[in-house]
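The chains referred to below are lettered A, B, ... by the order of the sequence lines, with proteins before strands, and numbering in each begins at 1.
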Amino acid sequence: KQEVTQIPAALSVPEGENLVLNCSFTDSAIYNLQWFRQDPGKGLTSLLLIQSSQREQTSGRLNASLDKSSGRSTLYIAASQPGDSATYLCAVMNSGYSTLTFGKGTMLLVSP
Amino acid sequence: GAGVSQSPSNKVTEKGKDVELRCDPISGHTALYWYRQSLGQGLEFLIYFQGNSAPDKSGLPSDRFSAERTGGSVSTLTIQRTQQEDSAVYLCASSLVAGGMAYEQYFGPGTRLTVT
């Protein structure tokens, strides 16, 4: 059974810092990996999707990498802003295009 | 274009009653997913539709839970004889699955279910 772990569980940084969120998964036979953000009381917003054949994806200040063989992904946020404060979730899709298995998330607070 | 929509946004029901939750996916998305988010449990998968068929129902927690999808579009999640442990936010997502690839899942805002 796939298990996804995110470290750290919470992170507090001052505005302007670059930061890295970590995600690890136990079964490397994945189709893709997706990073989301969730604001309090809201749904999930997709940030980046990395297909299993890809090594990284970039969108603006965000960069996600995937090392399938070691079961790891990182989300790099450059020049953090208070508006980046949210919970960041990592999810992997295994066989059959069905289940996304989610980590518990990293709660990020960026203070001005 | 419009995103995934869900209704109602909030539902309070008494224990033992049946509830129906609705999801309208993004137009053209062939795949539709239901998830549940509970305090302390994180996000858990419930069921997956490809078109109108559900090849993966493995996440449904009991036979009180059922779901259907019609016309390759709208889906309804039904919970019969609700219990307090069913209280959670129910999230729906849709995506395009084509050419042997699964694309991004886009989530709706969720339905917050409270069973009293």
Side-chain angles (χ1 to χ4, degrees), chain A residues 1-7 9-10 23-25 27 29-54 57-59 62 64 66 68 73 75 86-107, chain B residues 3-7 9-10 21 23-26 29-51 53-60 67 88-112 114:
Chain A
K1 179 186 172 185
Q2 179 73 270
E3 292 182 3
V4 180
T5 303
Q6 290 188 246
I7 295 173
C23 172
S24 62
F25 46 95
D27 183 353
I30 65 169
Y31 276 85
N32 60 45
L33 182 146
Q34 198 166 351
W35 283 93
F36 297 88
R37 72 173 277 168
Q38 186 172 32
D39 294 280
K42 306 285 187 182
L44 276 66
T45 301
S46 176
L47 297 173
L48 290 163
L49 175 124
I50 311 177
Q51 298 290 353
S52 62
S53 58
Q54 297 174 322
Q57 283 286 342
T58 297
S59 176
L62 305 180
L66 173 65
K68 206 171 76 158
S73 176
L75 179 67
T87 296
Y88 289 79
L89 294 158
C90 167
V92 299
M93 176 176 281
N94 284 98
S95 62
Y97 311 126
S98 59
T99 312
L100 268 182
T101 303
F102 283 84
K104 299 272 192 211
T106 294
M107 187 181 301
Chain B
V4 179
S5 61
Q6 293 185 245
S7 61
S9 55
N10 280 285
L21 312 179
C23 172
D24 280 273
I26 292 172
H29 278 190
T30 54
L32 185 147
Y33 312 81
W34 284 97
Y35 296 88
R36 178 167 74 172
Q37 188 172 34
S38 311
L39 275 175
Q41 295 293 324
L43 263 151
E44 56 177 335
F45 165 81
L46 297 178
I47 187 170
Y48 155 62
F49 286 92
Q50 179 62 27
S53 64
D56 191 345
K57 307 178 184 179
S58 61
L60 294 178
V89 176
Y90 290 81
L91 293 162
C92 174
S94 70
S95 75
L96 187 61
V97 175
M101 287 183 55
Y103 293 87
E104 286 174 283
Q105 292 192 18
Y106 293 90
F107 280 74
T111 293
R112 182 175 297 277
T114 304

Among all residues two or more places apart in sequence or in another chain, which pass the ring pair (Phe, Tyr, Trp, His ring centres under 6.0 Å) test with B:F107? A:F36, B:Y35
Honestly, the part of B:Q6 sitting under 4.5 Å from a heavy atom of chain A is neither
What part of B:L43 is in contact with chain A, defined as an atom under 4.5 angstrom from a non-hydrogen atom: side chain, backbone, both or neither? both
A quick test of your reading: do over 12 heavy atoms of other residues, nucleotides or ligands sit less than 6.0 Å from NZ of B:K57? no
Would you confirm whether A:Q34, through its side chain, and B:Q105, through its main-chain N or O, come within 3.5 Å as a donor-acceptor pair? yes
How far does CD of B:E104 sit from CD of A:Q51, to the nearest 0.5 angstrom? 9.0 Å
With rounding to the nearest 0.5 Å, note down the distance linking CD in A:Q2 to CZ in B:F45. 14.0 Å
Against chain A, work out which of B:Q37, B:E44, B:R112 has the most heavy-atom pairs shorter than 4.5 Å and name it. B:Q37
Which residues pass the salt bridge (Lys or Arg N to Asp or Glu O under 4.0 Å) test with A:D39, sequence neighbours left out? A:R37
Of the listed A:L48, A:L49, A:L89, A:N32, the one with the largest count of heavy-atom pairs under 4.5 Å with chain B is A:L49
